[in-house]
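Shown next, in structure tokens, is the structure this report addresses.
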Amino acid sequence: MTELNFFEKVYEVVRLIPEGRVTTYGAIARFIGSPQSARMVGWALNSTKQLPEWIPAHRVVNRNGLLTGKLHFQNNNTMREMLESEGIDTLNDKILNFNNILWDPNQELNLD
DNA sequence: TTAGTGACTGTAG
DNA sequence: GCTACAGCCACTA
């Protein structure tokens, strides 16, 4: 896992996100080692649409818990519906109890 | 090869 | 509290 690209690392982390939990672009970027490349994380997720493998991109939101990526899904409510189907409550495209269900790879996957 | 762009974030005023 | 700006890396034209 040292040969992985930035994109591939993003996919690896996103795939590890447990159901009913969410994480942020910044958390993923920080976990990879480029905290200021959070934009690339989002852009990498944009490419997941053309990947053969399923990536739970809907579990990745911005640091405010806002579903900023929903516009890139099939429908504007696809992301919200998938989150709600996993037990995640949203309001106006914003995740409720965001701090409670936040899954931070830096803590959950602490690789010392 | 260069320039533009993007699902973001942190800092400063 | 909100707004504005810079930084970061990979891909496309």
Side-chain angles (χ1 to χ4, degrees):
Chain A
M1 78 182 221
T2 52
E3 302 288 332
L4 296 180
N5 298 329
F6 186 95
F7 275 36
E8 294 176 344
K9 288 181 182 175
V10 172
Y11 304 148
E12 285 291 315
V13 176
V14 175
R15 263 186 300 182
L16 292 174
I17 303 174
E19 187 175 314
R21 305 291 295 280
V22 297
T23 192
T24 68
Y25 303 97
I28 295 174
R30 196 180 333 135
F31 181 75
I32 292 174
S34 302
Q36 294 173 302
S37 300
R39 290 161 58 172
M40 290 309 307
V41 176
W43 197 51
L45 292 179
N46 186 26
S47 303
T48 60
K49 288 182 297 189
Q50 58 190 14
L51 290 179
E53 191 154 5
W54 166 247
I55 308 281
H58 59 283
R59 296 183 190 145
V60 185
V61 297
N62 73 351
R63 74 177 236 85
N64 297 315
L66 208 57
L67 310 189
T68 52
K70 71 165 199 165
L71 297 174
H72 297 268
F73 281 80
Q74 297 178 355
N75 301 311
N76 281 12
N77 55 341
T78 301
M79 187 174 186
R80 183 182 57 79
E81 290 187 350
M82 288 200 292
L83 288 173
E84 290 184 347
S85 69
E86 297 183 359
I88 299 175
D89 296 321
T90 62
L91 177 63
N92 293 331
D93 299 328
K94 187 177 167 190
I95 295 180
L96 300 178
N97 305 322
F98 175 62
N99 199 48
N100 199 30
I101 64 176
L102 178 61
W103 182 85
D104 188 348
N106 300 280
Q107 291 188 348
E108 307 290 341
L109 304 178
N110 51 2
L111 335 154
D112 272 312

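Reminder, nothing fancy here: chain letters follow the sequence lines and each chain counts from 1.
In this structure, CH2 in W103(A) is found 10.0 Å from CZ in R59(A), a value given to the nearest 0.5 Å. Atom CD1 of residue I17(A) and atom CZ of residue R21(A) lie 10.0 Å apart, to the nearest 0.5 angstrom. For the atom pair CE of M40(A) and CD1 of I32(A), the computed distance is 10.0 Å after rounding to the nearest 0.5 Å.
With hydrogens and angles left out, the side-chain atoms of N106(A) and D104(A) include a donor and acceptor closer than 3.5 Å.
The separation between F6(A) atom CZ and dC8(C) atom P is 13 Å, rounded to whole Å. If you take CG of L45(A) and P of dA7(B), they are 11 Å apart, rounded to a whole angstrom. The CD-C1' distance, from E8(A) to dC11(C), rounds to 15 Å in whole Å. The nearest whole Å value for the distance from the NZ atom in K49(A) to the P atom in dG6(B) is 13 Å. We find that CH2 of W43(A) is positioned 10 Å from P of dA10(C), with the value rounded to whole Å. Here the C1' atom of nucleotide dA7(B) and the CD atom of Q50(A) are 14 Å apart, to the nearest Å.
Residues Y11(A) and E53(A) have side chains not in contact (no heavy-atom distance under 4.5 Å, counting atoms from C-beta outward).
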Under a 4.0 Å heavy-atom criterion, the protein footprint on nucleotides 8-13 of chain B, written with B, S and -, is BSS---

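The only member of R80(A), K70(A), E84(A) that meets side chain to side chain donor-acceptor pair (under 3.5 Å) when paired with T90(A) is E84(A).
At the heavy-atom level, A44(A) lies nowhere under 4.0 Å from the strands shown.
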